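In listed order, ligands and their atoms are each counted from 1. Below, all heavy atoms of this structure are taken into account, side chains as well, without hydrogens, waters or symmetry copies. From a predicted model like this one, the values you see are computed outputs, not experimental measurements.
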Amino acid sequence: MSSYAVTGSASGIGAAVTRRLRAAGHAVIEVDLHDADILADLGTPEGPSAAAAEVLERSGGVLDGAVLAAGIGPSPGPDRPRKIAQINQLGTVQLLTALRPALAASGDARAVVFGSNSASVTPGVPRRVIRALRAGEIDRAVRTLRLFGPVAPNIAYAASKIAVTDWARRAAVTPAWAGAGIRLNVLAPGPVRTPLLDEELANPAAARAFRAFPIPVGGVGDPGHLADWVMMMLSPAAAFLCGSVVVVDGGSEAWLRAGEWPRPVALRQVPRYLLRYRAFSRSSSTRSP
Ligand SMILES: NC(=O)c1ccc[n+]([C@@H]2O[C@H](COP(=O)([O-])OP(=O)(O)OC[C@H]3O[C@@H](n4cnc5c(N)ncnc54)[C@H](O)[C@@H]3O)[C@@H](O)[C@H]2O)c1
């Protein structure tokens, strides 16, 4: 029996993951605003550290995995961009960082952070917002987001997912994570039928935009589909998965972004790339593993 912490366990994908883990005989410590072992608001400055302290106590300081599924969507609402950034990015990073020693204590642990395909398919997310979020300067990010008027929550949502994905990829490859036997990866769902999506589509403008959104497989996902991928990312099969973004979205991202990955270069740019490659090879040969 292994021991896991799951945030956002009361609903949608987090609830489906919790059910899968319990059915497989594992111990799960649930963290959510409601209906959970640990009640915590991960969108407040003190919420993540208080929740982490309780998880550490209940787990005895050793965790085999953590699934960070708590999040809110881009629905309209007062101060929504700030809440989106606080919960989806800052709260997630703070909680997972505080749980790192318990994951390291297991010696072979997994962490799954929830991104979104919104991070790669939303046009017009300003670099200035991402930089501010990365630096933890929410006020600065929110000031810029105000320029976007009614779509500010959408831009904030994409920005929060870009920032949390960026953090996870950078952290995943460091000695503190990869070197401590923790495989940290990002799951990036497309539209999945959960209360988060229902709330978003209750907004007529969002529902209109959604009707034009391509989902090549023909419909939205089910929380169980995503839970299956989380189970894979928690399994021994993920021993060689590190800092990856696993996009599970029915083909939307491929439809919108095909041809952009890997980014091809024009022939005249090759000399510049050779120079960079040589510099990279030199620096990697002096870098410790
Ligand atoms: N459903 C989708 O279409 C979709 C698409 C892409 C990414 N995602 C991401 O998947 C994850 C799971 O979303 P879901 O669709 O299952 O949503 P959901 O609304 O069904 O579940 C989210 C859970 O997070 C909890 N939560 C929200 N704010 C919290 C807070 N401040 N503190 C603690 N818990 C809080 C909620 O109470 C809820 O139980 C989220 O990170 C979401 O951004 C969802």
Whether the side chain of Ser252 engages the backbone of Pro216 through a donor-acceptor N/O pair (distance < 3.5 Å, no angle test) should be reported.
no
Is a side-chain N or O of Thr144 found less than 3.5 angstrom from the main chain of Val129, in a donor-acceptor match?
no
Taking Tyr4's backbone N and O only, do any of them form a donor-acceptor pair with Asp64's side chain (distance below 3.5 Å, no angle check)?
no
Between Ser59 (side chain) and Leu56 (backbone), is there a donor-acceptor pair under 3.5 Å?
yes
Distance under 4.0 Å to a non-hydrogen atom of Gly43: what atoms of ligand 1 satisfy this?
31 (N)
So is Gly221 close enough to ligand 1, meaning a heavy atom under 4.0 angstrom away?
no
Out of curiosity, is Lys161 lining ligand 1, as in a heavy atom under 4.0 Å away?
yes
Atom 32 (N) of ligand 1 [closest protein heavy-atom partner, distance rounded to 0.1 Å]:
Leu42 N, 2.9 Å
Quick one: does ligand 1 sit under 4.0 Å from the side chain of Leu33, the backbone, both or neither, non-hydrogen atoms only?
both
Geometry only, no angles: is Asn88 polar-contacting ligand 1 at N/O separations under 3.5 Å?
no
Under 4.0 Å from a heavy atom of Asp41: which atoms of ligand 1 are those, numbered in the order shown and with their elements?
30 (C), 31 (N), 32 (N)
Give the numbers and elements of all ligand 1 atoms closer than 4.0 Å to a heavy atom of Gly12.
16 (O), 20 (O)
For Ser11 and ligand 1, does the shortest N/O to N/O distance drop below 3.5 Å?
yes
Take every heavy atom of Asp32, measure it against each atom of ligand 1, and state whether any distance is under 4.0 Å.
yes
Backbone, side chain, both or neither: what part of Ala188 comes under 4.0 angstrom of ligand 1, heavy atoms only?
neither
Can you list the steps and then say if Leu184 with Leu103 is a side-chain contact (heavy atoms from CB on, under 4.5 Å)?
CA-CA 10 Å; Leu184 166 56; Leu103 293 163; over 6 Å; no
Considering only heavy atoms of Ala40, which atoms of ligand 1 have at least one such atom less than 4.0 Å away?
32 (N), 33 (C)
Would you confirm whether Ser244, through its side chain, and Leu241, through its main-chain N or O, come within 3.5 Å as a donor-acceptor pair?
no
I'd like to know if Pro223 contacts ligand 1, where contact means a heavy-atom distance under 4.0 Å to any ligand atom.
no
Ligand 1 atoms nearer than 4.0 angstrom to some heavy atom of Pro191 are 3 (O)
Return the set of residues passing ring-ring contact (aromatic ring centres under 6.0 Å, His included) with Tyr157 (not counting sequence neighbours), or none when no residue passes.
none
Identity and distance of the protein heavy atom lying nearest atom 15 (O) of ligand 1:
Thr194 OG1, 2.6 Å
Report yes or no: does Arg80 contribute a side-chain atom to a donor-acceptor pair with the main-chain N or O of Asn154 at less than 3.5 Å?
no
Which atom pairs, one a donor and one an acceptor, fall under 3.5 Å between side chains of residues 268-279 and the rest of the protein, sequence neighbours left out?
unit_1, atom_1, unit_2, atom_2, d
Gln269, OE1, Ala266, N, 2.9

Do NZ/NE/NH1/NH2 and the carboxylate oxygens of Asp166 and Arg170 come within less than 4.0 Å?
yes
Considering heavy atoms of the protein only, find what lies nearest to atom 23 (C) of ligand 1 and give residue, atom and distance to 0.1 Å.
Gly8 CA, 3.6 Å
In terms of residue, atom name and distance, what is the protein heavy atom nearest to atom 13 (O) of ligand 1?
Leu196 CD1, 3.9 Å
Any donor and acceptor pair, going by atom type alone, linking the side chain of Glu30 with main-chain N or O of Asp37 inside 3.5 Å?
yes
Considering only non-hydrogen protein atoms, determine which one is nearest to atom 3 (O) of ligand 1 and report residue, atom name and distance to 0.1 Å.
Val192 N, 2.8 Å
Measure His34 to ligand 1 on non-hydrogen atoms and call it side chain, backbone, both or neither using the 4.0 Å cut-off.
side chain
Where the side chain of Gln89 meets the backbone of Leu133, is there a donor-acceptor pair that is under 3.5 Å apart?
yes
For atom 10 (O) of ligand 1, what's the nearest protein heavy-atom neighbour? Residue, atom name and distance, please.
Phe114 CD2, 3.3 Å
heavy-atom search around atom 28 (N) of ligand 1 in the protein gives Ile72 CG2, 3.7 Å
Met233 to Val112 - nearest heavy-atom pair and separation:
CB-CG2, 3.8 Å
Asp249 side chain to Pro189 main-chain N or O, any donor-acceptor pair under 3.5 Å?
no
For Gly115, take its heavy atoms, then give the atoms of ligand 1 lying under 4.0 Å from any of them.
7 (C)
Check this for me - ligand 1, Ala69, N or O atoms closer than 3.5 angstrom, yes or no?
yes
Against heavy atoms of Ala10, which atoms of ligand 1 measure under 4.0 Å?
39 (O)
What protein heavy atom lies closest to atom 44 (C) of ligand 1? Include the residue and the distance to one decimal.
Tyr157 OH, 4.1 Å
Interfacing atoms of ligand 1 (cut-off 4.0 Å, heavy-atom, Pro195)
20 (O)
Counting N and O atoms only, with roles assigned by atom type, does the side chain of Asp32 sit under 3.5 Å from a partner on the main chain of Ser9, one being a donor and the other an acceptor?
yes
